[in-house]
Amino acid sequence: MLAELSNPSVCMRDPQRVQDILQSMVKAGSNTVQVISDFDMTLTRFAHNGKRCPTCHNILDDSKLISSDCRQKLKELLNKYYPIEIDSSRSVEEKLPLMVEWWTKAHEILVEQKIRKDLLASVVQESDAMLREGYQLLFDHLHEHSIPLLIFSAGIGDILEEVIRQAGVFHPNVKVFSNYMDFDESGVLKAFKGELIHIYNKREGALLNTGHFQELRTRPNVLLLGDSLGDLTMADGVQDMENILKIGFLNDKVEERKQSYLDSYDIVLVKDETLEVPNAILLYLTGNKGAEN
Ligand code: TMP
Ligand code: MG
């Protein structure tokens with residue numbers, strides 16, 4: 001077993017199964033692997049020095065592009081809907097319409113703000129957005145080994161691209177499915193493009209984008225990274241999947257949610273702000289480091 005899997009933050013329902021999946025992936029070779037990852041609170045940090053880090057939406061909420069009245073409204077929405085998002089006592093069926101309501105209301109408010117495209121880069125620069133420790137190795141290593149990375153996010157595509165661009169890791173092997181802003185000819189936000197992606201419809205998004213997965217048909221081994229139970233369906237567009245290893249970050253409400261995460265993710269990382277475990281797995285899969293038994 002990889003040494004990193006014995007870290008105290010690592011929980012697994014069935015370590016043998018993890019071992020078996022890893023072994024068949026290694027056998028198949030890293031040229032059969034693709035990575036599918038959520039963005040907010042998966043590639044980015046949940047907290048730093050005890051302070052919450054922003055999601056894509058929060059980067060805008062906290063920015064100079066938003067009036068104080070609008071900021072107040074967005075905070076109220078966050079305070080109302082975030083506890084619902086992480087409430088393990090409610091079913092997905094119950095939460096889904098409420099999440100659609102959250103995203104719809106937030107986007108309506110943002111569109112009223114006449115946000116300028118040319119100011120997004122400075123807003124990201126001035127924000128507290130932070131990719132998880134080890135991001136450089138993750139992105140660079142995937143690029144060096146030509147392993148495709150799909151970032152599948154219910155956040156805002158324009159913002160997340162800027163975060164990874166400014167971190168210097170927006171390599172050509174990275175593809176993004178997300179909510180993209182639609183600007184008018186003078187560069188002012190007028191709407192969001194296409195179908196809304198929220199935390200519980202990633203499956204539909206995956207199935208609608210079969211063209212992308214079609215190109216990756218020779219990569220039936222998937223490493224999936226997420227932080228929400230809605231992230232588990234991000235790989236549903238992958239045809240003829242052979243193996244999938246699901247790694248879940250459990251950032252908040254740990255005790256209440258641990259069992260459901262253990263039941264659905266193969267590896268659960270509890271309050272782990274780093275990418276150490278995914279990186280160790282990638283190094284193992286690309287033959288850079290042997291498994292230690
Ligand atoms: P994702 O992690 O699946 O990409 O989802 C985006 C996150 O964005 C989700 O955890 C909820 C959060 N969010 C906000 O912080 N503010 C908002 O206004 C909205 C709509 C979502
Ligand atoms: Mg997330």
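Whatever order the structure lists ligands and atoms in, that order sets their numbers, starting from 1. The first residue in the sequence is number 1, and the count goes up from there.
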Could you tell me whether Asp266 and Arg17 make a salt bridge, using a distance below 4.0 angstrom between a side-chain N and a carboxylate O?
yes
Atoms of ligand 1 close to Glu85 [distance to a heavy atom under 4.0 angstrom, numbered from 1]:
9 (C), 10 (O), 11 (C)
Please work out whether the ring planes of His107 and Phe192 are parallel, tilted or perpendicular, with thresholds of 30° and 60°.
parallel
For atom 7 (C) of ligand 1, what's the nearest protein heavy atom and its distance?
Asp40 OD2, 3.9 Å
Report yes if Asp61 has an N/O atom closer than 3.5 Å to an N/O atom of ligand 1; otherwise report no.
no
Measure the distances from the heavy atoms of Ser228 to every atom of ligand 1 and state whether one is below 4.0 angstrom.
no
Atom 15 (O) of ligand 1: the protein heavy-atom neighbour that sits closest, reported with distance to 0.1 Å:
Thr55 OG1, 2.8 Å
Regarding ligand 1, does Asp38 bring an N or O atom to under 3.5 Å of one of the ligand's N or O atoms?
yes
Closest Asp40 atom to the Mg ion (ligand 2) [N, O or S only]
O
Would you call Lys73-Asp61 a salt bridge at under 4.0 Å N-O?
no
Specify whether Trp102 and Tyr81 have parallel, tilted or perpendicular ring planes, treating 30° as the upper limit for parallel and 60° as the lower limit for perpendicular.
parallel
Give a yes/no on ligand 1: does Met41 have at least one heavy atom closer than 4.0 angstrom to it?
no
Does ligand 1 have a heavy atom under 4.0 Å from the side chain of His107, from its backbone, from both, or from neither?
neither
Return yes if a side-chain donor-acceptor contact under 3.5 Å exists between Tyr265 and Asp227, otherwise no.
no
Test: Lys105 and Glu108 ion pair at under 4.0 Å
no
Looking at Phe249, I'd like to know if the NZ or CZ of Arg45 sits under 6.0 Å from its six-membered ring centre while staying within 45 degrees of the ring's axis.
no
Can you confirm whether the side chains of Thr286 and Asn288 place a donor and an acceptor under 3.5 Å from each other?
yes
Under 3.5 Å side-chain donor-acceptor pair for His171 and Asp140:
yes
Logged contact type for Lys202 with ligand 1, heavy-atom cut-off 4.0 Å, is side chain
Should we say atom CD of Glu273 is surrounded by more than 12 heavy atoms from elsewhere, each under 6.0 Å from it?
yes
Taking 4.0 angstrom as the limit and counting only heavy atoms of Ile199, give me the atoms of ligand 1 inside it, by number and element.
3 (O), 5 (O)
To 10°, measure the OD2(Asp38)-the Mg ion (ligand 2)-OD1(Asp227) angle for me.
80°
Looking only at protein heavy atoms, which one is nearest to atom 16 (N) of ligand 1, and how far off is it?
His57 CB, 3.2 Å
Heavy-atom nearest neighbour in the protein, as seen from atom 20 (C) of ligand 1, with distance rounded to 0.1 Å
Trp103 CD2, 3.5 Å
Residue Ser153 vicinity, atoms of ligand 1 by number, heavy atom under 4.0 Å:
4 (O)
For Asn58, state whether at least one heavy atom is located under 4.0 Å from any atom of ligand 1.
yes
Which of parallel (below 30°), tilted (30 to 60°) and perpendicular (above 60°) describes Tyr135 and Phe139?
perpendicular
Judging by distance only, is a nitrogen or oxygen of Ala106 under 3.5 angstrom from one on ligand 1?
no
Compare Phe152, Trp102, Tyr81 and give the one whose heavy atom is closest to atom 19 (C) of ligand 1.
Trp102
